[in-house]
Amino acid sequence: MLSFIARRSAAGLLMVLALSVLIFLLLRLAPGDPIDAYINPSVPLSPQDLGALRLRLGLDQPLPIQYLGWLRAALSGDFGYSIQRSGVAVLPLVLGRVGPTVLLMGTGLAIAIVVGIAGGIVSAVRRNAWPDISLSVLSFVGISSPAFLTALLGLYFFSVLLRWAPSGGMQTPGTPFSLFDVLTHLILPACLLSIGHAAMIMRYMRSSLLEVLGQDYVRTARAKGVREFWVIMKHATRNALLPVITLIGSTIGIAVGGAIFLESVFNWPGMGLLLVNAVGTRDYPVIMGATLVVGACVILVNLLTDIAYAFVDPRVRVS
């Protein structure tokens, strides 16, 4: 088991390194000159001043040298300073936004996992009955609805028309911190984030459980007189969860994309909103740092998913 974890961890570190190279190249090869973000258009600079600024920022070096310099600084915890927030270090700025994003994504995925697994079990057990048909229709609608559509519709109906939930932010401005206030701001974007993932988990859970229910050991348990509830929950559900665990891990990356859009729609102060604002203002150090942290978190979650899968199914440890 330790060798399995070591192999997966080494692969994860290589993926983080490859991700940093990809992000660096994409930012450097994007249209426009990176130095433009450091220049105030209202204050023209002479060619000599531009050359001195380019030399100070290291932009006169070849791309491999620039990347190695950035990587050496990043390994020591120095991701540079924000261009738009003068004097603000990137790493504390990015890490300060991790908590709200984890809260939003964690709540949304927890809702999706509970609703998806429970709905999949009900749909499989009541196959072709009205609960199965109703849940199947809802799951198809959830899978087919893009994140931007559900976010905008949810904001319009529940915040603007019905006024059941706040329209944005993490807490009410001008009021002291309150856990209840945070929860009232969290529940709507978290539920909207969970819709597509819950629908996908439900479909996988239904299909996997139906396959397991047809196995010989399930029929043997029923023949021995085991109550149907325990046949479903103890014998069938555990094995049916194996592909669902893999699906849950793979949806983390998709959830990041949905969270980025939801944070911008609901003005949620997380990584997504920070990244969107940084892209709009061409704040290259913040874009680089935020994207790398998000990517590293996704890789870490997938690593933990592999380890969890290995605990559930020992056969994968030898792969």
Side-chain angles (χ1 to χ4, degrees), residues 104-167 183-184 186-215 218-219 222 228-266 268 305:
L104 176 60
M105 286 184 54
T107 306
L109 289 177
I111 295 173
I113 292 171
V114 173
V115 173
I117 292 178
I121 294 174
V122 172
S123 185
V125 173
R126 302 296 302 276
R127 181 182 182 183
N128 296 329
W130 69 264
D132 180 29
I133 297 174
S134 302
L135 291 173
S136 296
V137 171
L138 291 176
S139 65
F140 281 124
V141 172
I143 294 174
S144 304
S145 301
F148 70 89
L149 179 61
T150 56
L152 294 176
L153 290 177
L155 178 65
Y156 177 72
F157 281 108
F158 295 105
S159 295
V160 177
L161 289 183
L162 301 177
R163 299 185 181 275
W164 287 357
S167 59
L183 290 177
T184 57
L186 171 66
I187 188 64
L188 179 58
C191 288
L192 294 174
L193 179 63
S194 69
I195 290 176
H197 306 295
M200 194 176 302
I201 293 172
M202 187 185 303
R203 298 305 302 167
Y204 270 76
M205 188 64 195
R206 178 186 184 275
S207 176
S208 179
L209 187 56
L210 285 175
E211 182 178 353
V212 170
L213 288 175
Q215 299 296 321
V218 175
R219 289 193 291 267
R222 286 171 173 163
E228 185 66 18
F229 176 82
W230 293 115
V231 171
I232 300 297
M233 301 307 298
K234 185 177 180 180
H235 296 277
T237 300
R238 180 179 178 180
N239 291 324
L241 283 174
L242 294 178
V244 178
I245 292 175
T246 304
L247 173 67
I248 292 172
S250 64
T251 57
I252 299 296
I254 303 175
V256 170
I260 288 176
F261 187 82
L262 278 169
E263 287 182 4
S264 61
V265 171
F266 286 91
W268 186 265
T305 303

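Keep in mind that the numbers below use all heavy atoms, side chains included, and drop hydrogens, waters and symmetry copies. Residue numbers count from 1 along this sequence.
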| Hey, does the side chain of S194 reach the backbone of A112 with a donor-acceptor pair shorter than 3.5 angstrom? | no

| Yes or no on side chain to side chain contact (heavy atoms under 4.5 Å, CB included) for V125 and I121, after CA distance, side-chain angles and deciding distance? | CA-CA 6 Å; V125 173; I121 294 174; 4.2 Å; yes

Report all side-chain donor-acceptor pairs from residues 157-165 shorter than 3.5 Å, counting only partners two or more places apart or in another chain.
unit_1: S159; atom_1: OG; unit_2: A165; atom_2: O; d: 3.2
unit_1: S159; atom_1: OG; unit_2: P166; atom_2: O; d: 3.2

| query | Between L104 and L186, is any pair of side-chain heavy atoms under 4.5 Å apart? | reply | yes

| request: Report the distance from atom NE2 of H197 to atom CE of M202, rounding to the nearest 0.5 Å. | output: 13.5 Å

| message | Going by side chain to side chain contact (heavy atoms under 4.5 Å, CB included), name the residues that satisfy it together with I113, two or more places apart in sequence or in a different chain. | response | I117, I201, I248

| Closest heavy-atom contact between T107 and A190? | CG2-CB, 3.7 Å

| query | Between L188 and F266, is a side chain to side chain contact (heavy atoms under 4.5 Å, CB included) present by the stated rule, with each step listed? | reply | CA-CA 9 Å; L188 179 58; F266 286 91; 3.7 Å; yes

| About how many Å separate OG of S207 and CE of M205, when rounded to the nearest 0.5 Å? | 10.5 Å

| Spacing of S167 atom OG and L155 atom CG [to the nearest 0.5 Å] | 6.5 Å

| remark: Taken to the nearest 0.5 Å, the spacing of D132 CG from S134 OG works out to 8.5 Å

| query | When rounded to the nearest 0.5 angstrom, what is the spacing between CD1 in I143 and CG in L138? | reply | 11.0 Å

| Considering all heavy atoms, the nearest L209-G120 contact | CD2-O, 4.5 Å

| For L135, does its backbone N or O pair with a side-chain atom of S139 as donor and acceptor, under 3.5 Å? | yes

| task | Working to the nearest 0.5 Å, report the span between CZ of R127 and OG of S136. | result | 10.5 Å

